[in-house]
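In this text the structure is predicted, and so the values were computed from the model without any measurement.
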Number of protein chains: 2
Amino acid sequence: MEKSLKEYLAAEPGTMDCPVRSVLDRIGDKWATLVLLVLDDVDALRFNEVHKAIGGISQKMLTVTLKTLEADGLVSRTMYPQIPPRVEYALTPRGRSLLPHIHGLVEWSKEHMREILASRAAYVA
Amino acid sequence: MEKSLKEYLAAEPGTMDCPVRSVLDRIGDKWATLVLLVLDDVDALRFNEVHKAIGGISQKMLTVTLKTLEADGLVSRTMYPQIPPRVEYALTPRGRSLLPHIHGLVEWSKEHMREILASRAAYVA
DNA sequence: CCGTATCCCCCCAGATACTG
DNA sequence: CAGTATCTGGGGGGATACGG
């Protein structure tokens, strides 16, 4: 028996394994999607390369974000035992399968950003 | 001259009007997407109907979320001056144009939820 | 019925300093 | 280079009580 989307939404959050919430929370993560986007269109990036590609992210949050993405199997982490150490991050196939949807959102954002900003400005509480 | 996605991402967040961040932050909002989803497939819902449809949301956060969505022009708010008051919320055309993308994410989530949960369980910090 | 107003706590993110 | 460790504050969000 498949649970419907409505049932998932109406359920208490603790009832867990709601796919919408658990995954949307990750998409909604302030940094996670940005990391996925910078890893798109490249083979792999080193820690500091990702860091420089994303303005405003702290080292700590980048570490946390990368670990989470790795735990979810969306990003791979490859260590080359050298001195100095070299670590490369790349999208996994699973991560790559998510990116079209993110790009869909990005495109939508670009198309509607102006009118949304206009709406916000015109909106009086 | 169009700014590239990479330039947007590399820019400091303060540099603002980055479409990705400003809209993704809304998508990422813990409750906003859930509200949009429950308003899909219906004409309109009253405040308490939305409230009951989303498990775990507090009255305060629902109010805030609805206001934000209204300010962005994604949701419309219609008041019927009666006693007791009647207020209905519905998707605007703009909001409706966003929903396919959200559904795309939902579908992706459903397809990959199991393997993601498995990855998380298998992941040792 | 549909909210607002207020209080207050917790936790997350930023800053900073340090290590293999 | 690629991170950890520790501290700290600011604000998001829950609970509660009240208003039109």
Do the side chains of [Y] and [X] get nearer than 4.5 Å, heavy atoms only?
X        : Y        : value
B:Leu117 : B:Arg114 : no
B:Tyr89  : B:Glu70  : no
A:Val87  : A:Phe47  : no
A:Val38  : B:Lys6   : no
B:Leu34  : B:Thr65  : no
A:Leu36  : A:Val75  : yes

- prompt: So what does B:Tyr89 hit on the nucleic acid, given a heavy-atom distance under 4.0 Å: a base, only sugar-phosphate, or nothing?
  reply: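 Sugar-phosphate only.
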message: Applying a strict under-4.5 Å side-chain criterion to I, L, V, M, F, W and Y, I'd like to know whether B:Leu62 and B:Val42 cluster together.
response: yes
query: Honestly curious: do A:Met79 and A:Val35 fall in one hydrophobic cluster under the side-chain, below-4.5 Å linking rule?
result: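 Yes.
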Chain B footprint on DNA chain D, 5' to 3' - any atom under 4.0 Å from a heavy atom: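 Under 4.0 Å from chain B, the extent on DNA chain D is D:dG13 to D:dG20.
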- prompt: What string of B, S and - do you get for nucleotides 14-20 of chain C, 5' to 3', if B is base contact, S is sugar-phosphate-only contact and - is no contact with any protein heavy atom under 4.0 Å?
  reply: BB----B
message: With nearest nucleotide decided by heavy atoms, which residue, B:Glu88 or A:Asp29, maps closer to the 5′ end of DNA chain C?
response: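 The residue closer to the strand's 5' end, by nearest nucleotide, is B:Glu88.
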query: For DNA chain D, what residues of residues 45-54 of chain A have any heavy atom nearer than 4.0 Å?
result: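 The answer is A:Arg46, A:Phe47, A:Asn48.
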Under 3.5 Å donor-acceptor, A:Arg26 side chain and A:Thr33 backbone: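 Checking the backbone N and O of A:Thr33 against the side chain of A:Arg26, no donor-acceptor pair under 3.5 Å is found.
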message: So does A:Leu9 get a backbone contact from the side chain of A:Arg21, meaning a donor-acceptor N/O pair under 3.5 Å?
response: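 At least one qualifying donor-acceptor pair exists.
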- request: Quick one: the dot-bracket string of DNA chain C, using Watson-Crick and G-U wobble pairs with both distances under 3.5 Å, [ ] for crossing pairs and | for bases paired to another strand.
  value: ||||||||||||||||||||
- prompt: Who pairs with A:Asp25 by side chain to side chain donor-acceptor pair (under 3.5 Å), at least two apart in sequence or on another chain?
  reply: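 Scan of A:Asp25 (side chain to side chain donor-acceptor pair (under 3.5 Å), adjacent residues dropped) gives none.
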query: Separation of B:Met79 atom CE from C:dC2 atom C1', in whole Å?
result: 9 Å
- request: Please state how far atom CG in A:Leu34 lies from atom P in C:dA13, giving the value in whole angstrom units.
  value: 13 Å
field: Taking every non-hydrogen atom, the tightest pair across A:Ala90 and A:Asp43
entry: CB-O, 3.2 Å
Per-pair distances, 0.1 Å, donor-acceptor, side chain in residues 94-104 of chain A, under 3.5 Å, sequence neighbours excluded:
from     : atom 1 : to       : atom 2 : distance (Å)
A:Arg94  : NE     : B:Glu115 : OE1    : 2.8
A:Arg94  : NH1    : A:Asp72  : O      : 2.8
A:Arg94  : NH1    : B:Ser119 : OG     : 2.9
A:Arg94  : NH2    : B:Ser119 : OG     : 3.4
A:Arg96  : NH2    : A:Leu91  : O      : 3.2
A:Ser97  : OG     : A:Arg94  : O      : 2.6
A:Ser97  : OG     : B:Trp108 : NE1    : 2.9
A:His103 : NE2    : A:Asp40  : OD2    : 2.7

